[in-house]
Amino acid sequence: MNRLIIIGASGHGRVIADIAELNGYTDILFLDDNTAVQECGGFRRIGTSMNAPEGDVFVAIGNAAARKRLSEHYMDRHQPTLIHPSAVIAKDVHLGPGTAVMAGAVINPGSTVGRGCIINTCSSVDHDCTISDYVHIAVGAHLCGTVAIGENTWVGAGAVISNNICICKDCLIGAGAVVVKDILVSGKYLGIPATLKRE
Ligand SMILES: CC(C)(COP(=O)(O)OP(=O)(O)OC[C@H]1O[C@@H](n2cnc3c(N)ncnc32)[C@H](O)[C@@H]1OP(=O)(O)O)[C@@H](O)C(=O)NCCC(=O)NCCS
């Protein structure tokens with residue numbers, strides 16, 4: 001069977017469906033807990049998130065905690081790695097299951113990307129980076145060489161992470177931020193240079 005069940009009938013889900021078709025899936029179905037949604041990108045919503053029928057499963061939810069919870073719920077199912085044909089990925093790069101690499105993204109040699117990650121449109125991950133599980137590198141964000149990003153962290157659109165930087169787990173790096181020092185405390189970091197935003 002060449003079926004992919006996509007969880008999350010959203011704009012992100014539509015992008016995932018597009019990449020899935022380009023990767024050869026011919027039978028694409030959506031699950032979403034919003035029962036008012038009938039379809040996504042022309043593909044039917046057939047049920048709710050915890051009840052996937054037979055087929056490969058892909059969790060297409062932006063929220064890292066929800067992505068992790070559902071990915072773990074379907075740990076016994078095949079969760080493919082989806083790569084847009086226009087992405088440029090060095091041959092030694094390791095990508096985990098349930099990870100998506102969108103159009104125009106670049107991942108350079110020596111980098112590893114965990115499970116359930118999003119390497120979004122036109123973002124770049126330079127050499128020797130380590131990206132932990134459930135990280136989202138948003139559209140147009142750039143990681144210089146030898147950057148490490150902890151689990152669940154979201155690097156916002158257009159952010160820049162300077163070389164040799166470590167960012168711990170559970171951070172939100174705001175859109176357009178520039179990170180020039182290690183971030184060792186989880187939280188929201190904004191601006192140039194990026195600083196912790198206190199609630
Ligand atoms: C950081 C973010 C989550 C907003 O956080 P928030 O705490 O809800 O912030 P608010 O919108 O309440 O704004 C609070 C203040 O921070 C400022 N601010 C918000 N986002 C900012 C950013 N990215 N950089 C600098 N300042 C920012 C606001 O202007 C506001 O300033 P003020 O208090 O002087 O008016 C959001 O702006 C952001 O950057 N999201 C990332 C979006 C993204 O990357 N999407 C990717 C999709 S692929």
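Indexing begins at 1, ligand by ligand and atom by atom, following the structure's order. All heavy atoms count here, side chains included; hydrogens, waters and symmetry mates do not. Along the sequence shown, residues are numbered consecutively beginning with 1.
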- Message: To check your reading of the model: name the closest protein heavy atom to atom 43 (C) of ligand 1, its residue, and the distance in Å.
- Response: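 The closest heavy atom on the protein side is W154 CZ2, 3.5 Å.
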- Query: Among protein heavy atoms, which sits nearest to atom 15 (C) of ligand 1, and what does the distance come to when rounded to 0.1 Å?
  - Reply: K197 CE, 4.0 Å
Distance alone, cut at 3.5 Å: any donor-acceptor contact between the side chains of [X] and [Y]?
X	Y	answer
T146	N163	no
H142	S124	yes
H84	S86	yes
N120	S123	no

May I ask you to list the atoms of ligand 1 that are less than 4.0 angstrom from any heavy atom of [X]?
X	value
G174	23 (N), 39 (O)
N120	48 (S)
A157	43 (C), 44 (O)
G156	44 (O)

May I ask whether [atom] is less than 4.0 Å from at least one protein heavy atom?
atom	answer
atom 39 (O) of ligand 1	yes
atom 27 (C) of ligand 1	yes
atom 12 (O) of ligand 1	no
atom 1 (C) of ligand 1	yes
atom 46 (C) of ligand 1	yes
atom 32 (P) of ligand 1	no
atom 5 (O) of ligand 1	yes

- Can you list the other members of the hydrophobic cluster that holds V178, where links are side-chain heavy atoms under 4.5 angstrom apart?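 Hydrophobic cluster check, V178: joined to V160, V180, I192.
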So, is [X] polar-close to ligand 1, with some N/O to N/O distance under 3.5 Å?
X	value
A175	yes
A138	no
K188	yes

- Query: Touching ligand 1 at all, H12? Heavy atoms, strictly under 4.0 Å?
  - Reply: no
Say whether, by atom type as modelled, one donor and one acceptor occur between the side chain of [X] and the main chain of [Y] under 3.5 angstrom.
X	Y	value
T48	D32	no
R45	T35	yes
R14	G41	no

- Query: Quick one: does D27's side chain get under 4.5 Å of N2's, heavy atoms only?
  - Reply: no
- Judged by heavy atoms only, the candidate from L190, I192, L172 nearest atom 21 (C) of ligand 1 is L190
- Could you check whether the rings of F30 and F43 sit parallel, tilted or perpendicular, using 30° and 60° as the cut-offs? tilted
- Apply the side-chain contact (heavy atoms from CB on, under 4.5 Å) test between V155 and each candidate in V179, L172, I149; give the one that qualifies. I149
